[in-house]
Visitor: 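This is the structure I have questions about; it appears just below.
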Amino acid sequence: MAIKAVAFDVFGTLVHIERPTRPFRKLVRLLHEAGRPRQRDDGVRAMSNPIDLRQAASLFGGVVSDADLNALEAELREEIQSISLFADATPTLLALRKRGIKVALCSNLAAPYGPPVLDLLPIRPDFCAWSYEAGAVKPQAEIYQYLCDGIACRPDEVLMIGDTIEADMIGPRKFGIHGYHLDRHAATSKSADSVQSLSDVLTLMAARH
């Protein structure tokens with residue numbers, strides 16, 4: 001089956017954060033220090049709802065001062081400003097668009113991070129399966145269904161690549177998507193299931209046509 005679309009994870013795959021401040025994680029810690037127990041699904045709730053930091057604080061419950069929230073928002077702005085594209089992102093995205101292949105994003109992230117990522121890309125994706133809009137996170141099947149519906153493709157027509165094995169390779173493959181693990185730090189490609197660069201996507205595409 002020919003590949004009609006390529007879906008990319010975002011952070012660690014297309015872009016990286018040069019100065020991470022992790023404000024959502026700090027919010028949970030502040031709430032915990034104020035007496036709110038940590039919940040196992042805190043991260044999932046933050047990423048599967050279209051909310052900002054203040055709305056996350058309200059959703060989680062607990063007490064955090066306005067001064068602390070202001071500081072976290074400043075750290076969030078600083079973190080977002082430090083997002084940059086990996087060198088292999090632009091040529092790969094442009095090559096896929098030139099070939100008429102649909103380009104999608106499929107990423108677990110909090111709502112404030114989506115628009116700044118789009119501003120960095122050299123093309124406008126055909127669809128963005130953001131976890132906060134899908135109401136689900138990878139590797140939940142619902143987000144892969146949301147992705148396929150959004151690009152009007154069957155799972156076996158989609159190739160996905162990302163830097164997290166469970167979310168970007170195993171989860172997609174269970175759903176029927178051709179998932180591959182991006183391991184930028186590998187000295188050599190460890191298996192047929194992994195690649196070292198986004199440019200390898202073009203090789204994978206050629207092998208499946």
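Here, residue 1 is the first one in the sequence, and each next residue gets the next number. Owing to the predicted nature of the structure, the values given are computational and were not obtained by experimental measurement.
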Visitor: Within the 4.5 Å heavy-atom criterion, are Tyr113 and Glu79 side-chain neighbours or not?
Guide: yes

Visitor: Taking Ser82 for its side chain and Arg19 for its backbone only, find out whether a donor-acceptor pair lies under 3.5 Å.
Guide: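 Checked: pair present.
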
Visitor: Any idea which heavy atoms bring Lys4 and Cys153 closest together, and the distance?
Guide: CB-SG, 4.0 Å

Visitor: Within the 4.5 Å heavy-atom criterion, are Leu121 and Leu93 side-chain neighbours or not?
Guide: yes

Visitor: Using only atom types and a distance under 3.5 Å, with no angle test, would you say the side chain of Asn49 pairs donor to acceptor with the backbone of Ala46?
Guide: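 Judged by distance alone, no pair lies under 3.5 Å.
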
Visitor: Please tell me if the side chains of Phe24 and Pro112 come closer than 4.5 Å, counting only heavy atoms from C-beta onward.
Guide: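 They are in side-chain contact.
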
Visitor: Any chance you could measure Ser194, atom OG, to Asp163, atom CG, to the nearest 0.5 Å?
Guide: 12.5 Å

Visitor: With a cut-off of 6.0 Å (strictly less than), are more than 12 heavy atoms of other residues, nucleotides or ligands near CZ of Arg25?
Guide: no

Visitor: For Tyr132 and Leu109, which heavy atoms make the closest approach, and how far apart are they?
Guide: CD2-O, 3.4 Å

Visitor: Taking C-beta and beyond as the side chain, do Ser84 and Leu120 meet within less than 4.5 Å on heavy atoms?
Guide: no

Visitor: Side chains of Asp200 and Thr203 only: does a donor on one sit below 3.5 Å from an acceptor on the other?
Guide: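 Thr203 and Asp200 do not have a side-chain donor-acceptor pair below 3.5 Å.
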
Visitor: Between Ile3 and Ile177, is there shared hydrophobic-cluster membership here, with clusters defined by ILVMFWY side-chain heavy atoms closer than 4.5 Å?
Guide: no

Visitor: As a quick check of understanding, evaluate side chain to side chain contact (heavy atoms under 4.5 Å, CB included) for Leu198 and Leu14, giving each step before the final call.
Guide: CA-CA 8 Å; Leu198 292 179; Leu14 292 175; 3.7 Å; yes

Visitor: Flag the pair Asp168 / Leu182 as yes when at least one side-chain heavy-atom distance between them is below 4.5 Å, and no otherwise.
Guide: no

Visitor: One pair to check against side chain to side chain contact (heavy atoms under 4.5 Å, CB included): Phe175 and Val158. What are the steps and the verdict?
Guide: CA-CA 11 Å; Phe175 191 75; Val158 181; over 6 Å; no

Visitor: How far apart are the closest heavy atoms of Ala57 and Leu69, and which atoms are they?
Guide: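 Smallest heavy-atom distance, with atoms named: CB-CD2, 4.2 Å.
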
Visitor: Between Ser199 and Asp88, do the side chains contain a donor N or O and an acceptor N or O under 3.5 Å apart?
Guide: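 No, no side-chain donor-acceptor pair sits under 3.5 Å.
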
Visitor: Can you list every salt bridge (charged side-chain N to carboxylate O under 4.0 Å, His left out) pair that touches residues 96-117, not counting sequence neighbours?
Guide: Arg97-Asp126

Visitor: Of the non-hydrogen atoms in Ala34 and Val63, which two are nearest, and what is the gap between them?
Guide: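 Reported closest heavy-atom pair: CB-O, 3.3 Å.
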
Visitor: Is there a donor-acceptor contact under 3.5 Å from the side chain of Ser65 to the main chain of Asp68?
Guide: yes

Visitor: Restricting to non-hydrogen atoms, name the atom on Phe60 and the atom on Asp42 that form the minimum distance, rounded to 0.1 Å.
Guide: CZ-O, 3.4 Å

Visitor: Quick one: do Leu27 and Ile17 end up in the same hydrophobic cluster if we chain Ile, Leu, Val, Met, Phe, Trp and Tyr together by side-chain heavy atoms under 4.5 Å apart?
Guide: yes

Visitor: Roughly how far, to the nearest 0.5 Å, is the CG atom of Leu53 from the CG atom of Asn70?
Guide: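 Rounded to the nearest 0.5 Å, the CG-CG separation comes to 10.5 Å.
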
Visitor: Starting from Ile165, walk the hydrophobic network (Ile, Leu, Val, Met, Phe, Trp, Tyr; side-chain heavy atoms closer than 4.5 Å) and list everyone else you reach, by chain and number.
Guide: Met169, Ile170

Visitor: Is it possible for you to check whether Arg173 lies under 6.0 Å from the centre of the six-membered ring of Tyr180, through NZ or CZ, and within 45° of that ring's axis?
Guide: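 Satisfied, under 6.0 Å and within 45°.
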
Visitor: Any side-chain heavy atom of Leu72 sitting closer than 4.5 Å to one from Leu30?
Guide: yes

Visitor: Could you walk me through whether Phe8 and Val6 pass side chain to side chain contact (heavy atoms under 4.5 Å, CB included), step by step?
Guide: CA-CA 7 Å; Phe8 294 90; Val6 177; 3.5 Å; yes

Visitor: Can we say Asp52 and Arg54 salt-bridge, meaning some charged N sits less than 4.0 Å from an Asp/Glu carboxylate O?
Guide: no

Visitor: Looking only at atom types and distance, does a side-chain atom of Glu157 sit under 3.5 Å from a main-chain N or O of Arg154, one as donor and one as acceptor?
Guide: yes

Visitor: Only counting residues at least two apart or in another chain, list the ones meeting side chain to side chain contact (heavy atoms under 4.5 Å, CB included) with Gln140.
Guide: Ala136, Val137, Glu142

Visitor: Would you compute the distance between atom NE2 of His32 and atom CD of Gln39 and round it to the nearest 0.5 angstrom?
Guide: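 That separation rounds to 11.0 Å.
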
Visitor: For Arg184 and Ser197, indicate whether the former's side chain and the latter's backbone hold a donor-acceptor pair under 3.5 Å.
Guide: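 No.
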
Visitor: With a 4.5 Å cut-off on side-chain heavy-atom distances among I, L, V, M, F, W and Y, is there a chain of contacts connecting Val44 to Tyr146?
Guide: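 No, separate clusters.
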
Visitor: Could you tell me if the side chain of Met160 sits less than 4.5 Å from the side chain of His178, heavy atoms only?
Guide: no

Visitor: For the atom pair SG (Cys106) and CD1 (Ile143), what is the distance rounded to the nearest 0.5 Å?
Guide: 4.0 Å

Visitor: Compute the centroid of each ring, for His16 and then for Phe86, and state whether the two points are separated by less than 6.0 Å.
Guide: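 Ring centres of Phe86 and His16 closer than 6.0 Å.
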
Visitor: Treating Ile, Leu, Val, Met, Phe, Trp and Tyr as nodes and any side-chain heavy-atom pair under 4.5 angstrom as an edge, say whether Ile123 and Leu96 lie in one connected cluster.
Guide: yes

Visitor: Please step through side chain to side chain contact (heavy atoms under 4.5 Å, CB included) for the pair Asp9 and Lys138, ending with a clear verdict.
Guide: CA-CA 10 Å; Asp9 172 53; Lys138 298 181 294 185; 3.0 Å; yes

Visitor: When you group the ILVMFWY residues by side-chain heavy-atom contacts below 4.5 Å and let the links chain together, are Leu147 and Leu105 in the same group?
Guide: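 Different hydrophobic clusters.
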
Visitor: If you compare all heavy atoms of Pro172 against all heavy atoms of Ala167, which two are closest, and at what distance to 0.1 Å?
Guide: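 Heavy atoms only, the tightest pair is CD-O, 3.3 Å.
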
Visitor: State, with a plain yes or no, whether a side-chain heavy atom of Val195 is found less than 4.5 Å away from one of Asp183.
Guide: no

Visitor: Count the heavy atoms of every other residue, nucleotide or ligand shown that sit under 6.0 Å from CZ of Arg124, and state whether that count exceeds 12.
Guide: no

